[in-house]
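Heads up: the structure comes next, in structure tokens.
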Amino acid sequence: AQSVTQPDIHITVSEGASLELRCNYSYGATPYLFWYVQSPGQGLQLLLKYFSGDTLVQGIKGFEAEFKRSQSSFNLRKPSVHWSDAAEYFCAVGGSGNTGKLIFGQGTTLQVKP
Amino acid sequence: NAGVTQTPKFRILKIGQSMTLQCAQDMNHNYMYWYRQDPGMGLKLIYYSVGAGITDKGEVPNGYNVSRSTTEDFPLRLELAAPSQTSVYFCASSYSGRILSYNEQFFGPGTRLTVL
């Protein structure tokens, strides 16, 4: 069965520091991978997605993610964090079949220190 | 374009009451989804629909019902509310679920439901 694991429930970084959020997935075929961000009291917004091709994908707000098939990982990175990046981040994998269903990880809460 | 809208934003129910959470999208998306979000649990799929008149169960459908009479609307019904249904509910839509064009899901702002 497909699954997504985000090992870090809560991460705190200083403003201006680099960030890496981890995501590991379990999926039998080529995965379709997504990162979403949820600001407090808001819905989810897509940061970036990977379907195929270049394993380093660029997203909005200066985020990028790298797909590593050998490690079953799709980690999210940002070189310099801004206070406005404080939010909850979700990794998701596309399910099988033509339904568009997504399976979400548990989420990682990012706190940014001034 | 309003995107995906949800009403109400907040609601408190008593045990055993029923209610309908409304969801509408104006993007002509054929795929729609209902999720619930509980702290530390991520999002769990309740029901989804691949087009008007077609719905199917997700991961956690018990206690809920849906209908899809139009492309735009996808209401979620709670018949006998229970404390375990206290959660934040998100509706989402996407243009297509086809494997070759796995499209982004657009999310509504959510409904925060408390059952006491």
Side-chain angles (χ1 to χ4, degrees), chain A residues 1-11 21 23-25 27-53 57 59-60 67 74 87-109, chain B residues 2-7 9-10 21 23 25 27 29-51 54-61 68 74 88-112:
Chain A
Q2 300 110 26
S3 66
V4 177
T5 301
Q6 294 179 244
D8 304 305
I9 295 172
H10 194 107
I11 283 183
L21 301 182
C23 172
N24 295 101
Y25 67 89
Y27 191 73
T30 301
Y32 300 89
L33 295 159
F34 306 80
W35 274 101
Y36 282 84
V37 61
Q38 183 183 29
S39 298
Q42 304 295 316
L44 278 70
Q45 181 185 22
L46 182 71
L47 282 176
L48 47 78
K49 59 190 176 187
Y50 170 79
F51 294 161
S52 64
V57 294
I60 62 171
F67 169 59
F74 188 56
E88 190 159 17
Y89 292 80
F90 292 95
C91 182
V93 64
S96 59
N98 295 337
T99 62
K101 291 192 291 183
L102 296 180
I103 297 167
F104 285 84
Q106 303 92 318
T108 297
T109 300
Chain B
V4 180
T5 57
Q6 292 183 239
T7 56
K9 285 187 168 52
F10 304 94
L21 282 66
C23 173
Q25 52 89 12
M27 297 173 283
H29 286 172
N30 47 349
Y31 288 67
M32 295 187 75
Y33 312 86
W34 273 106
Y35 295 91
R36 59 177 288 171
Q37 182 182 27
D38 301 302
M41 299 295 291
L43 279 76
K44 302 293 185 185
L45 182 65
I46 306 171
Y47 269 95
Y48 67 98
S49 168
V50 299
I54 307 170
T55 62
D56 205 349
K57 295 177 181 178
E59 195 179 352
V60 289
R68 184 98 181 271
F74 190 40
V88 181
Y89 292 84
F90 287 100
C91 179
S93 71
S94 68
Y95 177 66
S96 168
R98 291 172 53 204
I99 294 287
L100 295 180
S101 59
Y102 229 106
N103 284 307
E104 170 187 356
Q105 286 189 18
F106 293 81
F107 283 80
T111 294
R112 185 174 295 274

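A note on names: the letters A, B, ... follow the listed sequences, proteins ahead of strands, and every chain is numbered from 1. Fair warning: this is a prediction, and the values are worked out from it, not measured in the lab.
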Legend entry - side chain to side chain contact (heavy atoms under 4.5 Å, CB included) partner of A:Leu102, chosen from B:Tyr33, B:Tyr35, B:Tyr48: B:Tyr35
Inset, instruction - Evaluate the criterion side-chain contact (heavy atoms from CB on, under 4.5 Å) for residue pair A:Tyr36 and B:Glu104; output intermediate values, then yes/no. - result: CA-CA 10 Å; A:Tyr36 282 84; B:Glu104 170 187 356; 4.2 Å; yes
Legend entry - Inter-residue atom distance B:Tyr31.OH - A:Lys101.NZ, 0.5 Å rounding: 11.5 Å
Legend entry - Neighbour count above 12 (heavy atom, 6.0 Å) for A:Ile60 CD1: yes
Inset, instruction - Tell me, for B:Leu45 versus chain A, whether the close heavy atoms (under 4.5 Å) come from the side chain, the backbone, both or neither. - result: side chain
Inset, instruction - Any chance you could measure B:Gln37, atom CD, to A:Phe90, atom CZ, to the nearest 0.5 Å? - result: 4.5 Å
Legend entry - Side chain, backbone, both or neither of B:Phe106 within contact of chain A (heavy atoms, under 4.5 Å): neither
Inset, instruction - Give the member of A:Val4, A:Leu46, A:Leu44, A:Thr109 that has the highest number of heavy-atom pairs under 4.5 Å with chain B. - result: A:Leu44
Legend entry - Most contacts with chain B, counted as non-hydrogen pairs under 4.5 angstrom, among A:Gln106, A:Gln45, A:Gln42, A:Gln6: A:Gln106
Inset, instruction - Identify which part of A:Ile9 has an atom lying under 4.5 Å from any heavy atom of chain B, answering side chain, backbone, both or neither. - result: neither
